[in-house]
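In each ligand, atom 1 is the first atom listed, and ligand 1 is the first ligand listed. Note that this is a predicted model, so its numbers are computed, not measured.
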Amino acid sequence: MLTVIIPTYNEAENLPELVDRLCRVLNNVEILIVDDDSPDGTAAVAAKLAERYPVRVIVRKNRRGLSTAVVEGARAAAGDIVVVMDADLQHPPEVVPSLVEAAEGGCLAVGSRYVKGGRVVQWPLARRLSSRGAVLLARLLLPEARRVRDPVSGFFAFRRDCLASLKPTGLYKILLDVLVQCKPSCVVEVPFVFGQRTRGRSKLGWRQMLDYLRQVLRLAKWRPFKFAAVGASGVVVAWLTLYATSPLPPPISIAIAIETSLTSNYVINRQWTFAGRGTKFLSGWVKYHMATAVGNLANYLITLVLHIVGVWIYVAYLTGVIVGYFANYVISELTVFK
Ligand code: GDD
Ligand code: MN
């Protein structure tokens, strides 16, 4: 048995066509509509459809949220396979059978706009850019999201067993929670064409984008902030080293300070920021040097030059560090702690 979960908010006009097209391509299906008490009467339309189609309706009063609606639907689903899709026909019902087939094979199946054969129809530039930015952010901060080209898709299918290990963040993109927390043994992407919405309106706004940012950071266990905190501790280590080695000529004492803080940063990042990634100590240490080489060289040169022109060495060092910081973070995420 299969359950198709459809979260809805003001989709009364879209439901009849959606349900009809779904039932043409699927059998032994339960269509579960999770509606947040839409003012346009979506729930009443759904109840009417339930007289002729295998439709079930859950109405949530005084609650709003796409992600929590999907989780509530999944918990109430009767099927072993669960499909999640939008109500507005931007996710073509005719693609659902391929998703189900992949999910039956034990995979998480993701309907994807960004693999060969998939695309988006007529999106304004701003929407295209924000979608690409969202994908980039998830793939940069979450190794699990790198398994798919479209980790922010709202169209996917999975086995209900996955719910056991799911602790939903309740923030916007349920697929990200599934990718990160269920750790599916296999993931398949099925291309589809994300059509235009012809009826009703999109609910994607600032609120959703902020929720998304919070969600990615939370799933990433706040790594960017931890990495920054470690960097700050490294500056203190370097200052102390500069102080302790102050009798030495500056070109040497600056180099020692950089190396000492580099190693202490590496040790703390390995134990704390990127805990659990199983990075081998020595090879990681070498890679960390290579990954941060550009930043460190910049740091060294800037510190030295500023010092020579008369800037107090501790301030010179801080300036050098800040310049090298951003490059280092990105390179570390992508190489050392992959
Ligand atoms: N129950 C409930 N509660 N449903 C909601 C809510 C809510 O607060 N907000 C939105 N929905 C439903 C809509 O009714 C629709 O069926 C579906 O969720 C998607 O909402 P849209 O407003 O159409 O979103 P979109 O088209 O802008 O965004 C879609 O594409 C994004 C990728 O670019 C969605 O699929 C997103 O999930 C996806 O990330
Ligand atoms: Mn939509």
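- The Thr8 neighbourhood of ligand 1 comprises atoms 1 (N), 2 (C), 4 (N), 14 (O), with distances under 4.0 Å to a heavy atom of that residue.
- When only modelled atom types and interatomic distance are considered, Asn265 and Ser261 share no side-chain donor-acceptor pair under 3.5 Å.
- Checked against ring-ring contact (aromatic ring centres under 6.0 Å, His included), Phe156 has the following partners two or more places apart in sequence or in another chain: Phe158.
- For ligand 1, the atoms sitting less than 4.0 Å from at least one non-hydrogen atom of Lys173 are 36 (C), 37 (O), 38 (C), 39 (O), numbered in the order shown with element in parentheses.
- Checking Asp177 against Gln215 by side-chain atom types alone, a donor-acceptor pair falls below 3.5 Å.
- Ranking protein heavy atoms by distance to atom 3 (N) of ligand 1, first place goes to Asp36 OD2, 2.7 Å.
- Just one residue in the list Lys173, Arg119, Arg139, Arg113 forms a salt bridge (charged side-chain N to carboxylate O under 4.0 Å, His left out) with Asp150, and that residue is Arg113.
- Of the listed options Gln90, Arg127, Arg207, Arg127 places a heavy atom closest to atom 28 (O) of ligand 1.
- Atom 22 (O) of ligand 1 has its nearest heavy-atom neighbour, among Gln208, Lys203, Arg128, Arg113, in Lys203.
- Stacking of Arg132 on the aromatic ring of Tyr114 is recorded, both the 6.0 Å distance cut-off and the 45° axial limit being met.
- Of the candidates Arg197, Arg60, Gln196, Arg197 brings a heavy atom nearest to atom 20 (O) of ligand 1.
- Ligand 1 has Phe194 within reach: a non-hydrogen atom of the residue lies less than 4.0 Å from it.
- Given atom 35 (O) of ligand 1, the protein heavy atom at minimum distance is Asp86 OD2, 2.5 Å.
- Between Tyr288 and Tyr266, the distance from one ring center to the other falls under 6.0 angstrom.
- Side-chain contact annotation: Ser131 with Trp123, donor-acceptor N/O pair under 3.5 Å absent.
- Contacts with ligand 1 closer than 4.0 Å are made by side-chain heavy atoms of Ala69 only, the backbone lying farther away.
- With no hydrogens or angles considered, no side-chain donor-acceptor pair links Asp211 and Gln208 at under 3.5 Å.
- Within ligand 1, the atoms closer than 4.0 Å to a non-hydrogen atom of Asp88 are 23 (O), 26 (O), numbered from 1 in the order shown.
- Ion pairing between a basic and an acidic side chain is recognised when a charged N comes within 4.0 Å of a carboxylate O; Lys116 and Glu189 show no such pairing.
- Contact analysis leaves Tyr212 out of contact with ligand 1, as no non-hydrogen atom separation drops below 4.0 angstrom.
- Under the 30°/60° scheme for interplanar angles, the aromatic rings of Phe194 and His91 are found to stand perpendicular.
- Near Ser202, meaning under 4.0 Å from one of its heavy atoms, ligand 1 places the atoms 22 (O), 25 (P), 27 (O).
- Contacts between Phe156 and ligand 1, counted as non-hydrogen atom pairs separated by less than 4.0 Å, are absent for every part of the residue.
- Residue Trp123 approaches ligand 1 through these ligand atoms, each under 4.0 Å from one of its heavy atoms: 33 (O).
- The contact set between ligand 1 and Ala87, taken as ligand atoms under 4.0 Å from a residue heavy atom, comprises 15 (C), 16 (O).
- Looking only at atom types and distance, the side chain of Thr68 has a donor-acceptor partner in the side chain of Arg60 under 3.5 Å away.
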Evaluate the criterion side-chain contact (heavy atoms from CB on, under 4.5 Å) for residue pair Val152 and Leu175; output intermediate values, then yes/no. CA-CA 7 Å; Val152 299; Leu175 176 60; over 6 Å; no
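- Of the N and O atoms on the side chains of Ser165 and Gln181, not one donor lies less than 3.5 Å from an acceptor on the other residue.
- Polar contact check, Glu11 against ligand 1: a nitrogen or oxygen pair lies under 3.5 Å apart.
- Nearby protein atoms of type N, O or S around the Mn ion (ligand 2) amount to 2 (distance under 2.8 Å).
- Taken to the nearest 0.5 Å, the CD1 atom of Ile302 stands 11.5 Å off from the CD1 atom of Ile254.
- Annotation: atom 12 (C) of ligand 1 to nearest protein heavy atom, Pro7 O, 3.4 Å.
- Contact check on Glu144 versus Arg147 returns no salt bridge, with no Lys/Arg side-chain nitrogen under 4.0 Å from an Asp/Glu carboxylate oxygen.
- At a heavy-atom cutoff of 4.0 Å, ligand 1 is contacted by the backbone of Val34 but not by its side chain.
- Near Tyr172, with a cut-off below 4.0 Å to any heavy atom, the atoms of ligand 1 are 36 (C).
- With 3.5 Å as the limit, one finds a donor-acceptor pair spanning the side chains of Tyr53 and Asp20.
- Listed by atom number, the atoms of ligand 1 under 4.0 Å from Val152 heavy atoms are 38 (C), 39 (O).
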